[in-house]
Amino acid sequence: NGNARPSHSQILKRMSTISRMYDVDGDGELNDAEQAMRDMDKSNRGYLTNDKVYTMMQAHVEIQKQMFRTRRIMFVLLALV
């Protein structure tokens, strides 16, 4: 049958060794977050350096601060209505 789904081991074999290291959930595919991490690994080491992780965390913390400020503004506006 030409339409049979490939086995999990067949899917993993198609992924590069480095990509398999980023397949955190082990499903044989890189989801958006896993692919983003893989894309950041320009040296193809299979891991991100502390500098890259630190940069990601700085961006994450800044987004959280912006969301908190926006939420606070929304509550103030709702209270005024």
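Positions are given from 1 along the sequence.
- Within 6.0 Å of atom CG in Asp25, more than 12 heavy atoms from other residues, nucleotides or ligands are found, so the atom counts as buried in its surroundings.
- Inter-residue side-chain proximity for Ser43 and Asp41 is flagged as met; some heavy-atom pair is nearer than 4.5 Å.
- Across Tyr47 and Tyr22, no two heavy atoms sit closer than the pair N-OH, 3.0 Å.
- One distance of note links CG of Asp23 with CE of Met37; it measures 9.5 Å at 0.5 Å rounding.
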Could you list the donor-acceptor pairs under 3.5 angstrom formed by side chains in residues 67-81, with sequence neighbours left out?
{"residue": "Arg69", "atom": "NH2", "partner": "Glu62", "partner atom": "OE2", "Å": "3.4"}
{"residue": "Thr70", "atom": "OG1", "partner": "Gln66", "partner atom": "O", "Å": "2.9"}

Exercise for review: Report the C-alpha separation of Ile18 and Arg45 in whole Å, then their side-chain angles, then the decisive distance to 0.1 Å, and conclude whether the side chain to side chain contact (heavy atoms under 4.5 Å, CB included) test is met.
Suggested key: CA-CA 7 Å; Ile18 303 301; Arg45 292 182 182 152; over 6 Å; no
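- Taking 4.5 Å as the limit, some side-chain heavy atom of Met15 sits within range of a side-chain heavy atom of Leu30.
- Contact check for Met21 versus Arg38: no side-chain heavy atoms found under the 4.5 Å cut-off.
- Atom CG of Asp39 is surrounded by more than 12 heavy atoms from other residues, nucleotides or ligands within 6.0 Å.
- Here CD of Glu34 is found 10.0 Å from OG of Ser19. Values are rounded to the nearest 0.5 Å.
- Lys42 contributes atom NZ, which lies 11.0 Å from atom CG of Leu48 (distance to the nearest 0.5 angstrom).
- With hydrophobic clusters built from ILVMFWY side chains whose heavy atoms lie under 4.5 angstrom apart, Met40 shares a cluster with Met57.
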